[in-house]
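Read through the structure below, which is laid out as structure tokens, and then see the notes.
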Amino acid sequence: MDRLTLTSIIASAAFLIFLIVSLTWHNDELRPRIWQLNEVLEQDPELAEYPYDFKVLLFLNGVVTLTSPQSSDVPLRPFLNRIDPSLADKPADAPEVVEAERRFRAIEMQAIRVMLSQPDVESVVWSLDRAWYHKNRVPLAK
């Protein structure tokens, strides 16, 4: 291979790399949709003030999978006790506990509304955020 061919190949490769980087750096359309949806969640003021960060795990065929600290297998109470330790000694029907549960449900509904406001999102499903439990050293109920 002569010097001119080698220089041309190197220059073409450098230009291609530059083109790819510049397009992805300045064009939001080329960023993964999951990142964009997570930014939408982060920008919502109601969700931003809540102690739990809902995250998009998967976006496929119009269905968004969001993390949640609660599922049908895991009760909400251990999560609420962790984010507000003053609830730990209160009975389930205490007004503070009922209000904390109501607020969590309202925040969950807000996350759904935010996602459904996106034109390409048709529905939302939940996935238990096991990583949150592990990170916060809260045992999962069996």
Side-chain angles (χ1 to χ4, degrees), residues 1 4-142:
M1 186 179 311
L4 180 61
T5 306
L6 182 61
T7 304
S8 296
I9 290 172
I10 292 173
S12 296
F15 178 72
L16 182 62
I17 291 171
F18 171 76
L19 186 63
I20 291 171
V21 169
S22 66
L23 283 174
T24 57
W25 187 271
H26 297 290
N27 191 348
D28 283 345
E29 294 299 316
L30 296 177
R31 286 190 6 253
R33 185 66 175 133
I34 291 175
W35 294 0
Q36 295 171 6
L37 292 172
N38 276 321
E39 287 175 2
V40 169
L41 287 172
E42 291 168 5
Q43 292 168 357
D44 184 79
E46 220 177 309
L47 296 175
E49 74 178 36
Y50 197 72
Y52 178 79
D53 295 325
F54 294 96
K55 296 286 182 199
V56 176
L57 292 178
L58 184 64
F59 178 63
L60 186 62
N61 296 329
V63 179
V64 169
T65 302
L66 286 177
T67 61
S68 176
Q70 191 263 334
S71 76
S72 59
D73 298 331
V74 176
L76 183 59
R77 189 66 189 265
F79 165 76
L80 294 176
N81 291 347
R82 178 69 172 136
I83 64 168
D84 185 359
S86 69
L87 299 176
D89 296 332
K90 302 209 185 309
D93 60 349
E96 298 89 351
V97 175
V98 172
E99 176 57 24
E101 289 175 358
R102 186 210 58 77
R103 180 138 194 278
F104 174 77
R105 300 286 178 227
I107 292 295
E108 216 175 28
M109 291 305 296
Q110 177 64 14
I112 292 172
R113 279 192 296 276
V114 168
M115 286 293 96
L116 292 178
S117 72
Q118 299 300 301
D120 55 345
V121 175
E122 297 171 11
S123 65
V124 175
V125 296
W126 297 104
S127 176
L128 179 63
D129 191 353
R130 293 178 180 276
W132 183 91
Y133 282 90
H134 180 73
K135 179 181 170 187
N136 289 281
R137 298 175 190 231
V138 177
L140 281 168
K142 304 263 183 196

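This chain uses plain numbering: 1 for the first residue, then up along the sequence.
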_Heavy-atom neighbours of Asp120 CG exceed 12 at 6.0 Å_ = yes
_Looking at Asp44 and Arg113, is any side-chain nitrogen of the basic one under 4.0 Å from a carboxylate oxygen of the acidic one?_
no
*Closest heavy-atom pair and its distance - Thr67, Asp53*: OG1-O, 3.9 Å
*Does Val56 offer a backbone N or O that forms a donor-acceptor pair with the side chain of Asn38 under 3.5 Å?*
yes
_Closest approach of Met115 to Val121 (non-hydrogen atoms, all atoms of both residues)_ = O-CB, 3.2 Å
*Point-to-point distance, once rounded to the nearest 0.5 Å, from CD1 of Ile112 to OG of Ser117*: 12.5 Å
*Do NZ/NE/NH1/NH2 and the carboxylate oxygens of Arg103 and Glu49 come within less than 4.0 Å?*
yes
*For residues Val97 and Pro91, report the shortest heavy-atom separation together with the two atoms involved.*
CG2-O, 3.5 Å
*Given side chain to side chain contact (heavy atoms under 4.5 Å, CB included), test Phe54 with Val114 step by step and report yes or no.*
CA-CA 11 Å; Phe54 294 96; Val114 168; over 6 Å; no
*Do Phe59 and Trp35 have ring centres separated by under 6.0 Å?*
no
_Can you confirm whether Arg77 sits close enough to Gln70 that some side-chain heavy atom of one is under 4.5 Å from a side-chain heavy atom of the other?_
no
*Check whether any side-chain heavy atom of Asp129 sits under 4.5 Å from a side-chain heavy atom of Tyr52, and report yes or no.*
yes
_Can you confirm whether Gln118 sits close enough to Val64 that some side-chain heavy atom of one is under 4.5 Å from a side-chain heavy atom of the other?_
no
_Closer than 3.5 angstrom, by distance alone: can the side chain of Ser12 be matched with the main-chain N or O of Ile9 as a donor-acceptor pair?_
no
*Which atoms form the tightest heavy-atom contact between Ile34 and Leu57, and what is the distance?*
CD1-O, 3.6 Å
*What is the minimum heavy-atom distance between Ala111 and Leu41, and which atoms define it?*
O-CD2, 4.3 Å
*Any donor and acceptor pair, going by atom type alone, linking the side chain of Arg82 with main-chain N or O of Arg137 inside 3.5 Å?*
no
*asked:* Can you give me the closest heavy-atom contact between Val138 and Pro78, atom names plus distance?
replied: CG1-CB, 4.0 Å
